[in-house]
Amino acid sequence: MATLVSDNLEEVERSISKAAPCHYVLKIQSFSLLAKNGIEKYESGEFQASGYKWKLILYPNGNRSRNVKEHLSLYLVFTDIGSLFRQGLEVHAVFRFFLLDQSKDEHLVVLDAKEKNRRFHRLKHQWGFDHLIPIRTFNDVSNGYLLDDTCVFGAEVFVTKETRPGRAECLSVVKDAISCKHVWRIENFSKLESECLESNAFFSGDQRWKIQLYPKGRRYGSGTHISLYLALEDSSTLTDSSKIFAEFTLRIQDQLQSRHIAGKVNHWFSESSQESGWAKFVSLAYFHHTGAGCLVKDVCVVEAEVTVHAVASTL
């Protein structure tokens, strides 16, 4: 016969069953040593149920991160996360936990009385009970749950349906973003024949970047100006909906009087917009003038300062 137990946090339905759990059994010996050895959480091995992989997480003294006291906490975790992300799945499942009464050879069965169907998806892949059973009740020998310091838990999971929701996006704004500076020294500048020069890759905001310099200009700066850009070094890490918002400064040093030529801008970098900068950064006439300090002993020094402020990606 089922009984409904309600507290301020959750509604739990408890019943008695002679049948053992059909999907997973977790037997723990020397249970009291978990706390004595500082083991506040135990994660079981993975098990298969209804075509997916799952595991149990047990807090023998309650889930402190949720301010649980004087109760055991037990959760079911969907571990087949790759399926959720690759296919955009939502898995709806009914689950129940078992606790063996070793004296009577029957099980206490615990399930969610409020929402029997729980939805597991990319943002929520764990469900369970903060207050599975009071520790005092669990430790009481007359209940048969803990005998000879041994207990047996179990679980059953039944998937009721699978759905594929619409597209979703997550925008992460970086708090206290850190600026990264990269200095690129280009030697033998006048002897370089490449249409586009590229710096070594450097990191900022977990992304790899590079500076691109066109010695004879590009687009509407062709033949009249130095063109200078900041570009993503590897765009293959971006999906169609991924975007990176970066603020950056590009600078050509004046090696004589420190009157540097600089440009500052911000830009959303994406798969379709992998670079940003200036086609007319500095005129070729000024760049090659001996008093400008841009080219000294055939050496040009270029700097980039990059700060990543936000990243948008698909969920």
Side-chain angles (χ1 to χ4, degrees), residues 4-15 21-28 31 34-35 38-100 107-135 138 151-170 172 313-315:
L4 184 64
V5 179
S6 176
D7 56 32
N8 292 330
L9 298 177
E10 55 199 4
E11 290 186 355
V12 178
E13 182 179 314
R14 296 188 174 97
S15 60
C22 63
H23 289 141
Y24 196 68
V25 172
L26 171 62
K27 181 178 181 179
I28 303 177
F31 182 86
L34 291 175
I39 302 175
E40 298 182 354
K41 178 177 78 170
Y42 178 73
E43 296 188 13
S44 76
E46 289 186 344
F47 62 94
Q48 289 270 357
S50 299
Y52 293 100
K53 295 178 182 178
W54 313 81
K55 69 179 177 182
L56 300 178
I57 296 183
L58 172 69
Y59 293 82
N61 287 307
N63 187 349
R64 293 184 179 180
S65 67
R66 293 178 62 84
N67 297 317
V68 179
K69 299 178 180 179
E70 300 177 355
H71 283 76
L72 275 74
S73 302
L74 185 62
Y75 306 94
L76 175 70
V77 181
F78 189 101
T79 61
D80 220 348
I81 303 300
S83 298
L84 297 181
F85 280 95
R86 288 192 303 271
Q87 303 176 40
L89 281 177
E90 291 185 350
V91 176
H92 299 248
V94 174
F95 65 91
R96 52 185 184 170
F97 295 141
F98 291 70
L99 181 55
L100 177 63
H107 295 81
L108 172 68
V109 181
V110 182
L111 57 89
D112 192 331
K114 189 175 182 180
E115 292 286 345
K116 289 183 169 59
N117 250 309
R118 285 299 187 182
R119 187 168 59 101
F120 295 82
H121 52 92
R122 50 201 164 197
L123 298 180
K124 178 70 173 177
H125 50 270
Q126 174 178 304
W127 288 101
F129 304 104
D130 295 336
H131 301 79
L132 180 76
I133 188 172
I135 292 176
F138 177 77
C151 57
V152 181
F153 297 90
E156 290 182 345
V157 187
F158 301 97
V159 172
T160 57
K161 67 177 179 178
E162 301 169 343
T163 59
R164 286 178 170 81
R167 297 183 66 178
E169 177 179 318
C170 176
S172 299
S313 58
T314 55
L315 288 174

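Positions are given from 1, in the same order as the sequence printed here.
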Please examine the side chains of [Y] and [X], heavy atoms only from C-beta on, and report whether any two atoms are closer than 4.5 Å.
X: Leu108; Y: Ile133; value: yes
X: Val68; Y: His131; value: yes
X: Leu58; Y: Leu56; value: no
X: Thr79; Y: Tyr52; value: no
X: Leu74; Y: Leu99; value: no
X: Arg14; Y: Val109; value: no
X: Phe47; Y: Lys53; value: no

Does Tyr59 have any ring-ring contact (aromatic ring centres under 6.0 Å, His included) partners at least two apart in sequence or in another chain, and if so, which?
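Tyr59 satisfies ring-ring contact (aromatic ring centres under 6.0 Å, His included) with Tyr75 once adjacent residues are dropped.
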By ring-ring contact (aromatic ring centres under 6.0 Å, His included), which residues pair with Phe158, not counting sequence neighbours?
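Scan of Phe158 (ring-ring contact (aromatic ring centres under 6.0 Å, His included), adjacent residues dropped) gives His23.
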With rounding to the nearest 0.5 angstrom, report the [atom1] to [atom2] distance, [X] to [Y].
X: Glu156; Y: Ser50; atom1: CD; atom2: OG; value: 10.0 Å
X: Leu132; Y: Phe97; atom1: CG; atom2: CZ; value: 7.5 Å
X: Cys151; Y: Ile28; atom1: SG; atom2: CD1; value: 4.5 Å
X: Phe129; Y: Leu72; atom1: CZ; atom2: CG; value: 13.5 Å

Using the test side chain to side chain contact (heavy atoms under 4.5 Å, CB included), find all partners of [X] that sit at least two apart in sequence or belong to another chain.
X: Glu40; value: Arg64
X: Val25; value: Pro21, Val152
X: Arg119; value: Glu90, His92, His121

Kindly determine whether Trp54 and Glu46 satisfy side chain to side chain contact (heavy atoms under 4.5 Å, CB included), including the steps that lead there.
CA-CA 5 Å; Trp54 313 81; Glu46 289 186 344; over 6 Å; no
Test salt bridge (charged side-chain N to carboxylate O under 4.0 Å, His left out) applied to Lys41 - qualifying residues, sequence neighbours left out:
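Salt bridge (charged side-chain N to carboxylate O under 4.0 Å, His left out) list for Lys41, sorted by chain: Glu43.
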Tell me if the aromatic rings of Phe138 and Phe31 count as close, with their centers under 6.0 Å from one another.
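That pair passes the under 6.0 Å test.
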Starting from the C-alpha separation in whole Å, work towards a yes-or-no answer on side chain to side chain contact (heavy atoms under 4.5 Å, CB included) for Tyr24 and Phe98.
CA-CA 10 Å; Tyr24 196 68; Phe98 291 70; over 6 Å; no
Side chain to side chain contact (heavy atoms under 4.5 Å, CB included) between Val94 and Thr160: does it pass, once the steps are laid out?
CA-CA 7 Å; Val94 174; Thr160 57; 3.8 Å; yes
Just checking, is any N or O donor in the side chain of Ser73 or Asp130 under 3.5 Å from an acceptor N or O on the other one?
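There is no such pair between these side chains.
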When you look at CD of Gln126, are more than 12 heavy atoms from neighbouring residues, nucleotides or ligands closer to it than 6.0 Å?
yes
Closest non-hydrogen atom pair between Ala113 and Val12, with its separation:
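Smallest interatomic distance, heavy atoms only, reads CB-C, 4.2 Å.
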